[in-house]
Amino acid sequence: MDQVQQDGKRSGAADSVVPLLELKGLDKRFGATHALKSVDLIFEAGEIHAIVGENGAGKSTLIKLLTGVHVRSGGEVYWEGKPVALATPHEAIGYGINAVHQEVVLCPHLTVAANLFLGDEKVRLGLLQHREMVREAQKILDEIGFKIAAGAILSSLTIGQQQLVATARATTRGTRFLIFDEPTAYLTRQETAQLFALIGRLKAKGVTIVYISHRLEEVFQLTDRVSILRDGQWVSTQRTAETNEEKLITGMIARSIEQIHYKETIPFGAEILRTERLSGKGFEDVSVRVRAGEVIGLYGLVGAGRSEFVQSVFGRFPKTGGQIFWKGQPVEIRREKDAISIGIALVPESRRDQGLCLNLGVGLNINLPIYKRLTKGFVIDPRAEAAAADRQIRDVQIKTASRDAPASSLSGGNQQKIVVGKWLNHGAQLFIFDEPTVGVDVGTKVEIYKLFATLLKNGAGIILISSYLPEVYDLADTLHVFRRGRLIASHDSAHTKEKALHEAILTEALGV
Amino acid sequence: MSVESKIEMSEAVQLAATKQRARIGTLLSLTLVALLALMWVVLAFSTTSFWTYNNISNLLRQGAMIAILALGETFVVITAGIDLSVGAVVGFSSVIIALLLTNGFPISVAIIITLAMGLAIGLFHAFGISRLGLPPFIMTLATLTALRGVGLLITNGATISITNDTFTGFSRGDFIGVPNLFWMVVVVAVPAYIFLHQSRFGRYLFAIGSNTEAARLSGVNTTRMLYLAYTLSALCAAFVGILLAARIGIGNATQAEGWELQAIASSVIGGTSLFGAVGSVHGPLLGSFILTTINNGANLLNVNAFWQRIITGVLIIVIVYFDGLRRKKR
Amino acid sequence: MSVESKIEMSEAVQLAATKQRARIGTLLSLTLVALLALMWVVLAFSTTSFWTYNNISNLLRQGAMIAILALGETFVVITAGIDLSVGAVVGFSSVIIALLLTNGFPISVAIIITLAMGLAIGLFHAFGISRLGLPPFIMTLATLTALRGVGLLITNGATISITNDTFTGFSRGDFIGVPNLFWMVVVVAVPAYIFLHQSRFGRYLFAIGSNTEAARLSGVNTTRMLYLAYTLSALCAAFVGILLAARIGIGNATQAEGWELQAIASSVIGGTSLFGAVGSVHGPLLGSFILTTINNGANLLNVNAFWQRIITGVLIIVIVYFDGLRRKKR
Amino acid sequence: AADQKPTIPIIVKDTTSFFWQIVLSGARKAGKDLGVTVPELGAQSESDINGQISILENAVSEKPAAIVIAPTQFKALGKPIDEAAKKCKIIGIDSAADSKAFTSFLQTDNVQGGRVAADGLAAAIEAKYGKPEGGVALITSIPGVGSLDQRAKGFKEEIAAKYPGLKLVADKVADGMATTALNIMTDLITANPNLRGVFASNLIMAQGAGQAIAENKVADKIKLVGFDSDNKLVKLLSDGNITALVVQDPYRMGYEGVKTALAASKGEQVPATVDTGVNLITKENMNSARSQELLNPKVK
Ligand SMILES: Nc1ncnc2c1ncn2[C@@H]1O[C@H](COP(=O)(O)OP(=O)(O)OP(=O)(O)O)[C@@H](O)[C@H]1O
Ligand SMILES: Nc1ncnc2c1ncn2[C@@H]1O[C@H](COP(=O)(O)OP(=O)(O)OP(=O)(O)O)[C@@H](O)[C@H]1O
Ligand SMILES: [Mg+2]
Ligand SMILES: [Mg+2]
């Protein structure tokens with residue numbers, strides 16, 4: 001605690017004596033969960049302050065207390081030296097505290113313009129100025145360099161674009177204090193660059209920025225100071241320049257990680273899956289091959305058609321042309337069940353929307369694909385059911401209170417493990433991972449990578465979709481680049497650190 | 001730079017798609033207008049009496065009450081809620097105003113008190129839903145049950161005759177040839193249109209239906225907006241209760257049974273989505289007049305009353321199906 | 001290792017929380033049992049006739065039909081759907097079986113045909129919802145409207161007397177002292193319990209109610225499960241129609257009006273969530289017998305019929321509120 | 001020539017009820033006999049007053065020769081009938097309305113019907129127990145329906161005036177469902193050991209209540225009088241589960257209604273009121289020719 005204050009004084013000495021925002025003993029409980037334990041933090045005017053920590057460390061909770069989403073259970077908050085309640089979003093916005101939250105919280109049915117001005121509409125004589133708002137919104141978007149149509153219905157945008165809308169919205173509200181909670185998780189490189197440029201401009205204008213991310217390179221690229229949270233407790237606050245990645249990780253998880261991108265070399269076996277000129281909604285003419293022990297990586301921009309391609313392989317959407325071969329034999333996959341029964345597993349892009357029955361038990365989620373096997377006669381064998389669930393909870397090391405705990409009670413990384421775990425019992429041989437590490441902390445990422453290795457060693461093949469290029473480099477044996485629904489280039493043994501190759505891949509993906 | 005220009009190109013396509021979407025939205029209501037017009041043309045040719053001044057003004061009078069009810073219901077449905085109590089509120093209000101009038105209250109005072117009672121019911125709904133956390137379906141189902149009971153208890157099951165002829169005469173009168181009852185639709189719909197489509201409160205209702213959390217984080221007082229929506233629905237229902245009392249000249253707690261379902265059906269036929277965030281003012285009006293036309297036409301064509309039910313059921317499926325298709329095409 | 005131990009420690013807290021949650025789940029149904037027991041005790045003391053063999057078997061008979069209906073409805077509600085048509089299906093089935101019996105079909109054949117007709121209605125609902133993409137509320141509202149029309153058309157509004165005494169005698173009979181009608185609840189509830197809580201299909205229903213897309217991607221044939229849920233609901237309703245026909249000895253298309261709301265209310269009182277993925281077999285049974293006890297008790301105490309409605313409405317709010325509180329405390 | 005056929009719509013209270021279907025079939029027969037087109041209209045529930053007003057309005061815009069109507073509610077239909085009478089002759093059947101515009105009126109006196117029921121019930125109780133004494137109950141189908149209220153009124157007045165020994169122990173209002181009537185009746189039996197008689201004032205209530213009597217095997221103890229009839233009630237009557245039925249003559253009401261309307265539309269003199277009468281039918285007289293005519297109307 002002393003350290004914080006000293007730190008604060010040191011960096012604050014330049015401008016003013018009173019910090020912009022000061023937290024003292026901030027505390028938050030959700031029922032039995034103690035999410036934040038007496039956190040003290042100081043945010044200086046005009047700085048970019050990073051907050052890092054594992055999944056469930058309490059980062060988002062801290063933000064939600066500052067923006068009035070949740071009401072704190074204890075402690076005090078001082079805004080320019082004066083104590084404030086921050087009991088409602090309205091109040092927070094009033095001080096100029098705005099946030100771009102981790103999950104996109106906008107109204108999907110409304111237009112981009114309507115979302116930008118929500119709660120702050122332009123009215124004349126009590127009437128909405130529809131056209132003026134669209135015009136104004138377009139101007140704002142153009143000015144910050146986001147290429148988004150202000151009149152578009154929000155749900156027609158990609159998640160990344162929606163995140164940008166949320167960003168634009170937060171920045172236009174006379175903001176003095178702006179919080180980004182994992183803003184780049186769903187952004188393409190292009191969009192990330194736009195965002196960083198914006199953050200630079202905001203800093204120049206004197207806006208104080210809090211930046212939360214699991215991508216440590218971003219922390220070093222952008223921020224002035226960095227605070228670490230662990231288990232809801234404050235660990236340290238340092239000048240970013242005075243620390244390094246290793247130290248941060250140690251602070252976050254109290255141990256060092258030698259190799260973040262974990263990959264063992266495993267010899268390739270026989271071919272598992274091959275597609276020949278496969279076409280469907282959103283992709284065309286895609287031919288790929290996966291062998292036992294092999295990871296193929298699919299890289300591309302959001303909307304490149306990678307998800308559509310794998311979902312078609314999985315039978316979610318019908319293919320319109322081409323052929324799928326399973327272990328050399330042509331197969332017809334018309335629905336998910338066909339894919340599952342031959343041994344294909346899909347870990348979908350969105351855990352919340354596609355992967356989990358959140359309010360149901362961990363065990364039910366794990367067993368969902370294999371209930372047929374757990375059934376004796378008409379009735380489920382309760383012992384087999386429990387055993388199957390427990391085995392996966394153990395094998396994949398899911399941290400859960402019990403197999404009956406609702407999936408929603410687990411932290412993001414552990415939820416991801418459920419989605420993976422349910423296919424292990426089933427005995428799938430081809431695993432399709434669509435953005436498996438979005439929003440996952442470094443420690444859990446390593447766990448997931450280790451899991452990849454286990455799968456490969458057991459003779460499975462993996463298709464990995466990721467928009468996070470370092471991940472694809474390190475993990476994929478073969479890298480395919482998608483652009484506008486077509487496979488435009490393939491690279492063998494992609495885990496090379498050659499800069500030239502990176503550039504090539506990027507160029508291919510963007511179609512420059 | 002060249003990357004950006006390429007991306008820009010792809011964005012242009014998207015922009016065009018959005019414009020088209022907006023056009024389809026207009027098309028939807030046009031399709032309903034077309035459907036209504038088609039029904040009217042067919043009826044004009046197949047009956048001698050449909051296209052007479054008398055019948056058209058009957059039609060306008062008959063559709064008026066469900067139209068207002070559907071309009072009020074729409075506010076609630078846009079927030080992804082539902083109000084099952086409106087029929088009961090209509091019956092209850094008819095009792096209240098009849099009681100007040102027979103006890104010598106002046107018409108204006110009686111109307112104000114009745115509307116205030118509607119307001120109170122709406123507030124109670126919103127209280128139950130937002131403070132007690134009850135699902136709207138259950139909250140309004142409970143008041144539906146209870147309100148009918150209270151109305152019956154007050155009157156001891158009897159009907160209260162309204163002897164005030166000024167009051168009852170109103171429902172039969174007209175103004176520049178258009179029935180007063182239809183004017184009441186206009187009187188409700190115009191401010192409703194401004195409220196829903198032109199004011200920030202309307203915008204907030206859509207926002208809540210779309211994503212309550214997002215609305216809340218934008219500083220919208222979502223609780224207050226829920227109060228507003230349920231109050232408006234109950235107010236419209238109380239107003240319809242007054243109109244009903246004027247039209248039938250009595251107050252009776254069992255009246256308007258099942259009108260809630262008709263109101264919801266009208267609203268959905270008019271393009272309102274029961275999942276929230278989709279709806280308009282003109283939609284429910286069109287929907288209710290489509291249903292009214294079915295009944296009116298069936299009467300004129302001397303179609304068996306039982307067939308009317310079957311036709312209504314089938315038409316609801318057909319219309320909502322095509323509406324859904326159109327939305328999906330977006 | 002030290003990380004893991006740290007994590008383990010924080011998990012211990014969570015473990016305790018979960019255990020408590022499970023206990024509260026049991027508590028909920030216990031609370032309902034307690035409520036029912038409390039009502040019975042109060043009635044036993046305040047009336048002389050409540051706690052007689054005769055009245056208890058009346059009570060069991062009176063609650064039986066809504067109980068079966070609520071059970072069927074629960075399958076649908078667990079998938080986050082709703083079936084508004086069940087009342088209409090009951091009325092319609094009573095007509096069908098009465099027609100078949102008066103035309104000399106043997107009882108068994110008549111029952112099978114009537115159930116098959118219920119099956120067809122359920123399939124049609126599922127078809128409209130999963131293939132045509134209609135919201136369940138609208139789809140079943142439409143068939144509610146249409147089915148009443150078809151039933152009335154067939155009978156021309158008349159009641160069809162059932163002269164088959166074996167058939168009507170069944171509803172009056174009992175077996176080892178328990179009324180046959182209540183045995184029917186058992187006959188439906190036991191397989192329903194096994195189906196919902198012990199078979200994989202039950203798990204799939206919950207999964208669909210929680211997240212349809214996730215269930216689909218886990219290999220659950222979600223369309224087929226929807227067919228199953230709506231079919232079960234309609235089958236239960238058709239079965240209740242048969243029991244109704246046996247009990248009142250007539251087939252009449254306007255019977256069972258509003259029973260859909262009673263069934264839904266029973267189910268929700270029994271802890272089913274209208275948002276899906278929460279529900280049980282014993283819940284709706286308890287819920288329906290709570291509502292039946294209110295009516296039976298009120299009749300015995302000679303409470304005004306209008307008060308019964310008010311009490312029912314208030315109790316629905318109170319019970320669902322406390323149920324919600326309990327859930328939130330989790 | 002077919003175009004010359006006059007149109008006389010008949011508007012009943014509730015097309016979904018058997019009673020009104022009999023009225024409609026009488027009207028249909030008259031239409032056939034007299035060469036009149038008779039559109040058969042009506043609300044879908046006796047309590048749907050607004051629905052009936054709409055139907056009346058629609059019927060008027062058809063420019064009919066005359067209209068036959070059974071008003072659902074006395075006060076409510078008054079003004080609309082006044083309005084309609086400006087365009088054509090109006091003949092009332094079954095119940096009155098607050099209007100002086102009726103050309104003629106064919107009515108069942110429902111208050112009288114209630115009285116007849118009370119007398120029938122008292123007689124049955126006297127026959128069984130020696131004296132018209134003990135508890136009686138009334139079951140009404142739905143609240144707020146004029147004719148049902150009148151029957152209740154007649155019944156209660158008659159009991160109070162003529163049978164001081166009879167006590168009204170319960171006055172129940174159901175929801176129009178036979179099952180509810182059954183449940184209420186069962187609970188009445190349970191709660192009132194001294195119950196000796198019940199008046200179920202319409203068809204559906206009598207069906208439910210009759211079933212309860214049969215189910216509890218108390219036909220001997222408790223006398224039930226119903227109102228209106230269908231073959232279900234006739235069977236209950238012949239089984240002894242129902243003591244007596246108060247029946248109107250709906251077929252005649254429909255037939256005469258159309259006939260009178262035609263006459264009135266031609267400007268002929270018609271009687272201002274006709275009472276179509278109520279009849280008490282018991283097991284003893286149920287096989288008489290007149291009774292059979294009333295119990296088995298020619299519905300087609
Ligand atoms: N609304 C809530 N109800 C109950 N528990 C909650 C709630 N929100 C957060 N928690 C719990 O509080 C703790 C901190 O969560 P928080 O979302 O702040 O973590 P985080 O650091 O943002 O993690 P991530 O990196 O995964 O986003 C977790 O244990 C979480 O389960
Ligand atoms: N311009 C657009 N308008 C509407 N929806 C879009 C648009 N572009 C993409 N989408 C949708 O966004 C989602 C992401 O696209 P897709 O799955 O094809 O991309 P991807 O290559 O899998 O990208 P990623 O997996 O990185 O998100 C898809 O559901 C797609 O239909
Ligand atoms: Mg977070
Ligand atoms: Mg994707």
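All chains are named by letter (A, B, ...) in the order of the sequence lines, taking the proteins before the strands, and each is independently numbered beginning at 1. Basis for what follows: all heavy atoms, side chains included, without hydrogens, waters or symmetry-related copies.
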Kindly check if the number of other-residue, nucleotide or ligand heavy atoms within 6.0 Å of [atom1] ([X]) is above 12?
X	atom1	value
Phe201(B)	CZ	no
Arg131(A)	CZ	no
Phe30(A)	CZ	yes

Kindly compute the distance separating [atom1] ([X]) from [atom2] ([Y]), expressed to the nearest 0.5 Å.
X	Y	atom1	atom2	result
Leu125(A)	Gln198(B)	CG	CD	12.0 Å
Ser218(B)	Arg173(A)	OG	CZ	5.5 Å
Leu127(A)	Ser199(B)	CG	OG	8.5 Å

Q: Among the options His101(A), His109(A), His90(A), pick out the one with the most heavy-atom pairs lying under 4.5 Å from chain B.
A: His109(A)

Q: Quick one: do Val105(A) and Arg216(B) satisfy side-chain contact (heavy atoms from CB on, under 4.5 Å)? Show the steps, please.
A: CA-CA 10 Å; Val105(A) 268; Arg216(B) 208 169 78 85; over 6 Å; no

Q: Starting from the C-alpha separation in whole Å, work towards a yes-or-no answer on side-chain contact (heavy atoms from CB on, under 4.5 Å) for Leu106(A) and Asn211(B).
A: CA-CA 7 Å; Leu106(A) 295 172; Asn211(B) 186 343; 5.9 Å; no

Q: Under 4.5 Å, counting heavy-atom pairs only, tell me which of Gly219(B), Ser210(B), Ala215(B) racks up the most with chain A.
A: Ser210(B)

Q: Provide the closest heavy-atom pair for Ala207(B) versus Cys107(A) in the form atom of the first, atom of the second, distance.
A: O-SG, 3.4 Å

Side chain from CB out, backbone as N, CA, C, O: work out which of these in [X] comes under 4.5 Å of a heavy atom of chain B, or both, or neither.
X	answer
Val69(A)	both
Asp120(A)	backbone
Leu118(A)	both

**Q.** Engaged part of Leu217(B) at the chain A interface, taking heavy atoms whose separation is under 4.5 Å
**A.**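 Backbone plus side chain of Leu217(B), per the 4.5 Å heavy-atom cut-off to chain A.
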
